[in-house]
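Presented below is the structure to which this report refers.
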Amino acid sequence: MSPTSHLPLFGGPRAWSQDDWVASDDRVRGGASQSELTCSASSLIAKFHGTLDIKTLGGAGFASQRTRGDDRKWDLSRYDGIELVVDSSDGKMYTLTLKDEILPKRPDGREQSTISWEYDFRAQGHQTIFIKWSDFRATYRGREKGDAEPLDLKNIKRFSIMIRSFFGDQEGAFALNLVSIAALRTERYLDEPDDQSVDEVFYEKSKEESAQSSGPERRQGWLGWLTSCLL
């Protein structure tokens with residue numbers, strides 16, 4: 001797929017940082033699952049990993065990492081969907097979730113439920129997944145909500161990466177290695193100039209470099225400034 005516009009969100013030129021993410025596991029409901037998202041200056045990869053427990057909650061269970069900050073906002077209305085680049089995976093089913101509404105917390109400190117827009121995926125090896133907006137399904141408290149208002153693409157407030165048990169189908173240790181998450185536009189419109197955007201040129205360059213050897217020379221150039229991603 002040849003994108004006409006490419007907006008890096010996490011990873012790639014916008015280095016992964018653990019400061020962007022926080023765990024949101026089933027412990028908030030009395031479960032025992034746990035997750036981490038780890039990265040380092042010497043690697044291009046963010047590792048989402050941990051343990052999915054299904055015994056404590058009787059077959060249910062989930063572990064996730066979500067973006068920090070209830071006041072963050074991404075305007076993705078100019079794009080056609082999300083590009084997810086996976087470096088490697090354990091073959092389990094994972095979920096990418098978007099939210100366009102974050103409500104004030106309840107008196108007990110727990111978050112109020114809002115609609116989530118979810119996409120389930122299973123990756124094997126290095127893989128690039130393009131998720132159109134229409135591929136995301138609206139859910140409320142884990143159940144599909146067919147009458148939900150359309151996702152507000154001008155007001156995306158949260159990204160989450162999740163693994164869940166699917167009522168006992170998955171459990172135990174898990175690991176998903178991510179290269180990047182980006183917004184992608186795949187169509188050219190009449191009001192656009194013919195020349196490539198800076199993002200597109202950068203994207204094409206990064207694909208060429210990633211095809212080269214995995215030795216030390218691959219980490220030079222634009223990849224060298226991933227030092228902002230702390231272990």
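Only this structure's heavy atoms are used, side chains among them; waters, hydrogens and symmetry mates stay out.
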Gap between atom CZ of F62 and atom CG of L57 - 0.5 Å precision: 8.5 Å
L7 and L76: CA distance, side-chain angles, deciding distance, side-chain contact (heavy atoms from CB on, under 4.5 Å) verdict: CA-CA 9 Å; L7 176 66; L76 304 182; 3.9 Å; yes
Within 6.0 Å of CZ in R143, more than 12 heavy atoms from elsewhere: no
Identify all side-chain donor-acceptor contacts of residues 44-51 below 3.5 Å with residues at least two apart in sequence or on another chain.
| residue | atom | partner | partner atom | Å |
| --- | --- | --- | --- | --- |
| H49 | NE2 | T38 | OG1 | 3.3 |

I'd like a table of donor-acceptor pairs (distance under 3.5 Å, sequence neighbours excluded) in which one partner is a side-chain atom from residues 98-106, with atom names and distances.
| residue | atom | partner | partner atom | Å |
| --- | --- | --- | --- | --- |
| K99 | NZ | T114 | O | 3.1 |
| K99 | NZ | T114 | OG1 | 2.8 |
| K99 | NZ | S116 | OG | 2.9 |
| D100 | OD2 | D152 | N | 2.9 |
| R106 | NE | D108 | OD1 | 3.4 |
| R106 | NH2 | D108 | OD2 | 2.8 |

Test item: D80 side-chain N/O and T186 main-chain N/O as donor-acceptor pair under 3.5 Å: yes
Ion pair check, D75 and K73, cut-off under 4.0 Å: no
R29 atom CZ, neighbour heavy-atom count above 12 within 6.0 Å: no
Between CG on residue L178 and CG on residue L96, distance to nearest 0.5 Å: 9.0 Å
Inter-residue atom distance Q127.CD - L84.CG, 0.5 Å rounding: 9.0 Å
K132/D135 salt bridge by N-O under 4.0 Å criterion: yes
Distance-only donor-acceptor check, side chains Y94 and D90, under 3.5 Å: yes
Evaluation steps, side-chain hydrogen bond (donor to acceptor under 3.5 Å, both in side chains), between S113 and R141: CA-CA 7 Å; S113 297; R141 294 183 174 178; 3.2 Å; yes
Trace of the side-chain contact (heavy atoms from CB on, under 4.5 Å) decision for F166 with D120: CA-CA 11 Å; F166 291 103; D120 299 328; 4.2 Å; yes
side-chain contact (heavy atoms from CB on, under 4.5 Å) between I131 and F136, intermediate numbers included: CA-CA 8 Å; I131 312 164; F136 286 93; 3.4 Å; yes
E118 and M162, any side-chain heavy atoms less than 4.5 Å apart: yes
Side-chain H-bond candidate by donor/acceptor type, S33 with D25, under 3.5 Å: no
Spacing of R78 atom CZ and S5 atom OG [to the nearest 0.5 Å]: 5.0 Å
Which donor-acceptor pairs under 3.5 Å do the side chains of residues 167-176 make with protein atoms, sequence neighbours left out?
| residue | atom | partner | partner atom | Å |
| --- | --- | --- | --- | --- |
| Q170 | OE1 | M93 | N | 2.6 |
| Q170 | NE2 | M93 | O | 3.2 |
| Q170 | NE2 | R164 | O | 2.8 |

Ring centroid separation F10 to W21 under 6.0 Å: yes
Residues L184, F130; criterion side-chain contact (heavy atoms from CB on, under 4.5 Å); working and verdict: CA-CA 8 Å; L184 212 64; F130 177 61; 3.8 Å; yes
Point-to-point distance, once rounded to the nearest 0.5 Å, from CZ of R66 to CG of L37: 13.5 Å
Aromatic centroids of W74 and F159 separated by under 6.0 Å: yes
Heavy-atom closest contact (W117 atom, E149 atom, distance): CZ2-O, 3.0 Å
Worked check of salt bridge (charged side-chain N to carboxylate O under 4.0 Å, His left out) between D20 and R72: CA-CA 11 Å; D20 282 335; R72 302 184 72 176; 3.7 Å; yes
Backbone N/O of S24 and side chain of S64: donor-acceptor pair under 3.5 Å: yes
Taking every non-hydrogen atom, the tightest pair across V86 and V179: C-CG2, 4.3 Å
